[in-house]
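The chains referred to below are lettered A, B, ... by the order of the sequence lines, with proteins before strands, and numbering in each begins at 1. Because the structure is a prediction, the values reported are computed rather than measured.
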Amino acid sequence: MQLIACPWCGEREETEFRYGGQAHVAYPDDPYALDDEQWAQYVFFRDNPKGPFAERWVHSAGCRRWFNALRDTVTHEFLRVYVISAQHPLTTSTAPAAQQRKGQEAI
Amino acid sequence: MNSPFRARGHGHIDRDTTLSFTFDGTAYTGHPGDTLASALLANGVHQVARSIKYGRPRGVLAAGAEEPNALVQIEVPFPEPMLTATTVELYEGLVARGLSGQGRLSSRPDTARYDTMHAHCDILVVGAGPAGLAATLAAARAGARVVLVDELPRPGGSLLGTRELLDGVPATAWVSDVAAEIAACSDVRVLQRTTAFGCYDDGLVLALEKRTDHLGAAAPAHISRQRIWRIRAKQVVFATGAYERPVAFDDNDRPGVMLAGSARAYLNRFGVLSGRQAVVFTTNDSVYPAALELADAGLRTAAVIDAREEVPAYWRTACDERGIDVRAGHVVTGTSGIERLSRAHVAAFSHGRLGDRQGIDCDLLLVSGGWNPAVALFSQARGTLDYDAGIGAFVPAQAPGNVRTAGAASGTFTLTGCLADGADAARRALSAIGRTGRTVALPAAAPLPDAAPGRVLWRVPSPRDSPDGSHQFVDLQRDALVADVLRATGAGLRSVEHVKRYTTIGTAHDQGRTSGVMASGIVAEALGMDVAELGTTRFRPPAVPVAFAALAGRNRGELFDPVRVTALHPWHVEHGALFEDVGQWKRPWYYPQAGETMDEAVLRECRAARTGVALMDGSTLGKINVQGPDAGVLLDRLYTNMMSTLKVGRVRYGVMCGIDGMALDDGTVIRVAEQEFLLTTTTGNAARILEWMEEWLQTEWPGLRVHLTSVTEHWATIPLVGPRSRDVLAVVAPGLDVDNDAFPFMSWRDATVAGIPARVCRISFSGELAYEINVPAWDGITVWKALYAAGSAYGITPYGTETMHVLRAEKAYPIIGQDTDGTITPQDLGMSWVVSKKKPDFIGKRSFSREENRRGDRKQLVGLLPADEQVLLPEGAQIIATSSIPAPPVPMLGHVTSSYRSDALQRTFALALVRSGTRRIGETLYVPLDGRTVPVTVTEPVLFDKEGTRRDG
């Protein structure tokens, strides 16, 4: 039973959470500009890396809030959790989290 | 009563109290402090069972949880199978019998209580032997929050089983001092009779505490018998000790063969000599203190057979003083006896060759092949193991940051070393959590000569003609032989994991504590490999058998899963409703009258709804309140149709789809106010839809100013259905204009119903004139009773979910999840009208135009009318094109999703998903059923009142 650090509630047991798949997969700006294959990539296809993976989680049995986590798929270890609005920690580790809204500092 | 094998002056038992017990039908006595095994040995009973495969007599081999042979079934006070006699504490009136590998669960319900406890600590110490106590003491003195778990009834661990001295006095005195000191620390919790059996992520350790098992029939009913401790520790110290391992030789399974350290423990813990005349067979120094203590207590010891070429002079001298013959460079090659051992066969053994054999009479053969650190829990915690060729065992190598071992579990086998290692492990654990440990003064153990290296010996060559190991046992519980291991390697197996599964070695209750490492050694020998290269099998929880009752704790019966009932539930019970489980909800299924079958009751309820008036409890419908300036925008993006144009006072039906375009849920939406909507979901989908909406709101459109709240349980919801429903509502809501023009279909009104402020919606899930009356749950029963009373003049009839299903199916209103399976679009359901053509986008829209979703041969919802009007098709039945079933693979056209008897149609009917269903209307298809095929006619899905003439009354 892992502990997952909800950005708002702190460490809680994993059964309080639900997995939400790969993070940073935005709804396309214009779905109708995509051909069927491009649309299918958005709907059906996700990465499956060995190692660090940015995922979405929701604290279903707690604050009901969604957040992102960087998790190592080999060890299951949560490397960090961060708010939905923050950027992918591996691609922009030095960039400021410009899009963050007030009160949602990355953890 | 005096037992013949008790030794005076030894043991932590209460000799002043006598306990009576029965084993295999014979009455015996023992003392408090005994285990069943020690009490049997005290009575001269060595054999406890027969082996599972070969039926060979088997005796007590060990003194603890590593025991492979002595499985027993407790019969009184309550039947419990598969316990080891070595861990069952003796109590008055115990009745048990030996088991041949398989037990029997009681057919009576267990009335004992079981429970779960949670604990959090800085440091968890597993094991209260010298290392564990030193660790606990050091951590406690540093002020840390500590939990100490130990499987025995009292602390001390291995110290209880020896006569070792600390600071010149028996080590048990130090144990008592430490126990007293830590008991006085408010932040230290000591759990005796508690076995850690699983180590999981992030410092979670599960332990089983046996609270009243040792009290037998005297166990107080109000105390839980066992409980599971879920201990979340920042740091864990495994001071789990080591298990002695035997050596394989011919007939090494005979009663009277025992591990040397265990015989020592029987003497020192229980005051029991396990035999009269002993031979000792060793590969290492550890047996000498044991042999000397046993000899001094009166065990005649003929010889110590030491496989090593050299025996340290210190031990040889000590043996000489007691007249014990020490034979270096010798081994035990086999045993003989009528069931129990009466002779050990001894031969010189050098350069792999056996010399002449000689028999030595004995009734006890003490064996030590070395010690295996107890690393199961450490390994579960993802600690890695290395093979230590010096001791012939696997020892902890790399540990994750939050666990460590101490003492014998680390491969440290001297008392001084164990004490120091325990204190050091605590210091390192404290340091890992940012605390500083003080130096703890440790007592001094009696000086011993430096240990001479042991010899690693897995098996002795068989002197028989066929040296195939067919009389040499590796796993005594599984009756697995050296020959079985050789057969496995002969068959080409190269992995210990494969050999384990091929031979079943290590899969019994004892998890191979005495056989696992030996098996690795024999496999390595057979393959000409290094044991280090071969490795050992992986350890998995539980490390000891745990009863399901303990794991379930209180989560059984009524407490297994929450039961949700509506505010009207007591009324349904009073009126004889039968209930259906829908998720966690109990919903009235139907209300049978005296002598009615289910079919009769449902037909009657349907008739009332279609010809008179009926009412049901719809309170379980999921209800989500949506508020905020952007509420309409959010709903427009989530529903396939337009919600933002809905006017206050109006109701609209809507469908939600996934991004793949498949129907997810449906329900009604009412606009309560300019910035407030209330939507309903399918009963079983309420939580899922709320999460779905939150997901989009939080992750994709966090800028929308909308709040979502579940209000399912705030409202009692009562559909009042039927041509006479308007008349009944007019009586109980005199202030409400119920005229069709004033209160049209798909609108809602605030009204006072039976004196209660209510929201009344004109929606229908049956096609009939209907009103859905919503009142605060608290007032639900008042309104329900008022409606029931006002309707009596019209024969008002309560109906349940079954009738609701028949009525909606006659109108082809689908149930998402029953008539769909996650691959069905709104268009497949014939509901293109619910899909907006105006909205630029909504969830699912882009997928509707995928090629796959535009195929003409998609499965579509249709009606089915069986040719025989009395045949009720089973839901889930397959549909084929031919009247005879062709050879497989049979082309399947679809399946029946809903099937009922209809009062309105006076026949059976069904809904089905059928490939190209819309194009097949009018065709005859076939449903295989009970070895024949039933012809069915494909129809439009709506079978009753196609024109919708009934909804306005």
Side-chain angles (χ1 to χ4, degrees), chain A residues 1-5 7-8 11-15 17-45 55-61 63-68 71 74-78 83-86 99-104, chain B residues 116 118 120 198-206 228 230-234 381-382 400-402 541 624 637-638 657-662 687-688 690-703 707-710 839-855:
Chain A
M1 177 78 74
Q2 273 188 285
L3 293 176
I4 298 175
W8 290 277
E11 287 190 336
R12 296 287 189 276
E13 295 202 335
E14 64 183 269
T15 50
F17 297 83
R18 190 168 71 76
Y19 182 61
Q22 183 173 359
H24 307 290
V25 181
Y27 190 78
D29 287 338
D30 181 4
Y32 307 93
L34 305 180
D35 63 25
D36 273 7
E37 178 153 353
Q38 289 167 324
W39 177 249
Q41 283 292 333
Y42 165 69
V43 175
F44 299 112
F45 290 84
E55 306 167 329
R56 304 184 311 157
W57 286 81
V58 60
H59 194 186
S60 319
C63 63
R64 282 172 41 198
R65 296 189 72 170
W66 284 84
F67 59 93
N68 287 344
R71 190 178 64 98
V74 177
T75 63
H76 306 311
E77 187 188 354
F78 279 77
V83 295
I84 288 287
S85 54
Q99 293 171 1
Q100 269 176 226
R101 287 188 295 156
K102 201 179 170 218
Q104 291 200 347
Chain B
T116 307
H118 295 256
H120 297 259
C199 187
Y200 305 85
D201 292 302
D202 294 326
L204 178 68
V205 172
L206 297 196
I228 299 288
R230 297 170 44 90
I231 304 164
R232 186 71 77 167
K234 290 180 187 155
R382 298 190 198 164
N402 61 341
I624 299 170
R637 291 180 186 179
L638 293 175
C657 290
I659 52 173
D660 56 1
M662 304 305 157
R688 189 169 153 223
L690 181 61
E691 272 198 2
W692 172 250
M693 297 175 71
E694 283 284 0
E695 178 178 343
W696 287 97
L697 188 56
Q698 291 182 33
T699 67
E700 203 63 50
W701 309 310
H707 288 279
L708 306 171
T709 309
S710 167
K839 288 196 289 184
D841 193 25
F842 55 84
I843 298 302
K845 180 179 165 97
R846 172 64 183 82
S847 288
F848 293 151
S849 57
R850 290 180 63 231
E851 196 180 325
E852 175 66 23
N853 292 344
R854 285 185 286 120
R855 287 163 54 142

Heavy-atom distances under 4.5 Å only: say whether [X] touches chain A with side chain, backbone, both or neither.
X	value
B/Leu690	side chain
B/Glu695	both
B/Ser849	backbone
B/Ile659	both

Non-hydrogen atoms of [X] and [Y] that approach each other most closely:
X	Y	value
B/Gln698	A/Ile84	O-CG2, 3.9 Å
A/Met1	B/Tyr200	N-CB, 3.8 Å
A/Pro31	B/Asp841	CG-OD2, 3.6 Å

Which portion of [X] sits near chain B, non-hydrogen atoms under 4.5 angstrom:
X	result
A/Trp66	both
A/Phe44	side chain
A/Asp30	neither

message: If I take atom CD from residue A/Glu14 and atom CG from residue B/Asp202, how far apart are they, to the nearest 0.5 angstrom?
response: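 The CG atom of B/Asp202 is 8.5 Å from CD of A/Glu14, to the nearest 0.5 Å.
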query: How far does CZ of B/Arg688 sit from OG of A/Ser60, to the nearest 0.5 angstrom?
result: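 Interatomic distance, B/Arg688 CZ to A/Ser60 OG, rounded to 0.5 Å: 13.0 Å.
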- prompt: Going through the checks in order, is the side-chain contact (heavy atoms from CB on, under 4.5 Å) test met by A/His76 and B/Asp201?
  reply: CA-CA 9 Å; A/His76 306 311; B/Asp201 292 302; 5.6 Å; no
query: Is B/Arg232 salt-bridged to A/Glu11, going by a charged N under 4.0 Å from an acidic O?
result: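 Looking at B/Arg232 and A/Glu11, the cut-off is not met.
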Short side-chain to backbone donor-acceptor contact, B/Arg846 and A/Leu34, under 3.5 Å: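 At least one qualifying donor-acceptor pair exists.
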